[in-house]
> 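I have a structure I would like to understand better, so I am pasting it below and will then ask my questions one at a time.
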Amino acid sequence: MNIKTAEFVISNTDYRICPAPKMAEYAFIGRSNVGKSSLINALVNQKNLAKTSGRPGKTQLINHFIINKGWYLVDLPGFGYAKISKTKRAEFHDMISEYLLNRTNLMCLFVLIDSRHKPQGIDQEFMQWLAEKGIPFVMVFTKIDKLGKVVLIKNIRAYKVEMLKLWAELPQIFITSAEKKTGTKELCNFIEQLNSQFKETI
Ligand code: GTP
Ligand code: MG
């Protein structure tokens with residue numbers, strides 16, 4: 001699938017005022033600074049559609065982008081960011097969980113994981129929660145350009161081993177670099193497949 005157009009639609013804090021759920025939607029989530037906004041930009045081939053930053057905590061709203069005038073990409077705030085107040089963190093938590101639990105057109109959530117890091121409890125707990133709630137998701141390893149091949153393979157294997165202590169089977173996994181655009185074709189193809197399923201169900 002080629003991405004021909006990608007436009008910003010709206011930012012907000014409440015799933016109830018997101019665009020009407022009439023088109024397939026894919027959201028990006030993960031710890032602050034993992035590369036959510038950058039990967040959206042890489043997918044749509046634009047530098048600044050989603051706002052990125054070297055400092056964690058950049059994205060603070062639910063941001064909708066419409067792609068090829070037919071489906072949505074959604075940039076969400078990061079979780080696990082230490083430097084925000086407890087109140088703000090609780091607000092983010094509620095905003096994101098309400099969105100995930102109620103957004104009927106969410107075809108798949110992309111859970112981003114920094115390929116450089118060891119499995120983190122916060123990611124594991126979050127994926128467990130998604131599974132409990134029946135929210136469809138895949139895992140997306142990011143920033144692979146920052147690692148050599150051998151270390152990358154080792155890290156991903158270690159991640160799988162850790163996951164398999166808790167899971168009977170692993171979720172689908174994508175391996176990406178926003179910097180080098182690695183894995184963007186695979187993600188686009190995956191979305192294309194799901195888009196066709198969305199059409200069949202309406
Ligand atoms: P929040 O919105 O704060 O939660 O962060 P985010 O997950 O949206 O991360 P963002 O895309 O803003 O990227 C964070 C930093 O990582 C930026 O400095 C990016 O340039 C860098 N970055 C993101 N993806 C990649 C990548 O694939 N490779 C490299 N080398 N750097 C990346
Ligand atoms: Mg962001």
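Whatever order the structure lists them in is the order used to number ligands and atoms, beginning at 1. All values below were derived from every heavy atom in this structure, side-chain atoms included, with hydrogens, water molecules and symmetry-related copies excluded. If you read the sequence from its start, that first residue is 1, and numbering goes on from there. Quick caveat: nothing in here was measured; it's all calculated off a predicted structure.
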> Considering heavy atoms of the protein only, find what lies nearest to atom 31 (N) of ligand 1 and give residue, atom and distance to 0.1 Å.
K146 CE, 3.8 Å
> Flag yes if more than 12 heavy atoms outside K181 fall under 6.0 Å of its NZ atom; otherwise flag no.
yes
> How are the rings of F126 and F79 set relative to one another: parallel (under 30°), tilted (30 to 60°) or perpendicular (over 60°)?
tilted
> Taking only heavy atoms of A178 into account, list the atoms of ligand 1 that are under 4.0 Å away from them.
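So the answer, numbered in order with elements, is 24 (N), 26 (C), 27 (O).
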> Quick check on the hydrophobic clustering: are F92 and L61 connected, directly or via other members, by side-chain heavy-atom contacts under 4.5 Å?
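No; tracing contacts between hydrophobic side chains, which count when under 4.5 Å, never links both residues.
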> List every atom of ligand 1 that sits less than 4.0 Å from any heavy atom of G78, numbering the atoms from 1 in the order shown and giving each element.
4 (O)
> Check whether any N, O or S atom of S38, backbone or side chain, sits closer than 2.8 Å to the Mg ion (ligand 2).
no
> Can E7 and K69 be counted as an ion pair, charged N to O under 4.0 angstrom?
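Between K69 and E7 there is a salt bridge, with a charged N closer than 4.0 Å to a carboxylate O.
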> To the nearest 0.5 Å, what is the distance between NE2 (H64) and OH (Y72)?
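Taking NE2 in H64 and OH in Y72, the distance rounds to 6.5 Å.
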> Checking the N or O distance criterion of under 3.5 Å, is ligand 1 in contact with K51?
no
> Please work out whether any backbone atom (N, CA, C, O) or any side-chain heavy atom from C-beta onward of V34 is under 4.0 Å from ligand 1, and answer side chain, backbone, both or neither.
both
> Say whether G57, considering both its backbone and side-chain N or O atoms, lies within less than 3.5 Å of an N or O atom on ligand 1.
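Yes, G57 has an N/O under 3.5 Å of an N/O on ligand 1.
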> Do F190 and F174 have ring centroids that are under 6.0 Å from one another?
yes
> Is it the case that more than 12 heavy atoms not belonging to H117 sit under 6.0 Å from its NE2 atom?
yes
> Please work out, at 4.0 Å between heavy atoms, whether the side chain, the backbone, both, or neither of K180 comes within that distance of ligand 1.
neither
> So which heavy atom in the protein is nearest atom 7 (O) of ligand 1, and how far is it from that ligand atom?
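Answer, as residue, atom name and distance: K36 NZ, 2.7 Å.
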> Output yes when the distance from some N or O of ligand 1 to some N or O of K143 is under 3.5 Å, and no in every other case.
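N/O-N/O distance below 3.5 Å exists for this pair.
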> Looking at non-hydrogen atoms alone, which of I40, I29, T59 comes nearest to atom 2 (O) of ligand 1?
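Heavy atom nearest to atom 2 (O) of ligand 1 belongs to T59.
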> Quick one, R31 with N33, criterion side-chain hydrogen bond (donor to acceptor under 3.5 Å, both in side chains). Give me CA distance, side-chain angles, the key distance, then yes/no.
CA-CA 6 Å; R31 286 156 65 87; N33 212 46; over 6 Å; no
> Would you mind listing which atoms of ligand 1 come within a distance below 4.0 Å of any non-hydrogen atom of P56?
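So the atoms of ligand 1 that pass are 3 (O).
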> Can you report which non-hydrogen protein atom sits closest to atom 28 (N) of ligand 1, along with the distance?
D145 OD1, 2.7 Å
> Which ligand 1 atoms does S177 reach within 4.0 Å, using its non-hydrogen atoms?
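In order of number, 27 (O).
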> List every atom of ligand 1 that sits less than 4.0 Å from any heavy atom of K58, numbering the atoms from 1 in the order shown and giving each element.
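So the atoms of ligand 1 that pass are 1 (P), 2 (O), 3 (O).
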> Going by an N to O cut-off under 4.0 Å, is there a salt bridge joining R103 and E25?
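Answer for the salt bridge query: yes.
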> Given S38, S53, G30, S32, which one has a non-hydrogen atom that is nearest to atom 17 (C) of ligand 1?
S53
> Around atom 14 (C) of ligand 1, find the nearest protein heavy atom and jot down its residue, atom name and distance.
N33 OD1, 3.0 Å
> N/O/S of S53 less than 2.8 Å from the Mg ion (ligand 2)?
no
> With a cut-off of 4.0 Å, which atoms of ligand 1 are near a heavy atom of S37?
8 (O), 11 (O)
> With heavy atoms of G35 as the reference, note each atom of ligand 1 found under 4.0 Å away.
6 (P), 7 (O), 9 (O), 10 (P), 11 (O), 13 (O), 23 (C)
> Which atoms of ligand 1 have any heavy atom of G54 under 4.0 Å away?
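Every atom of ligand 1 under 4.0 Å from some heavy atom of G54: 18 (O).
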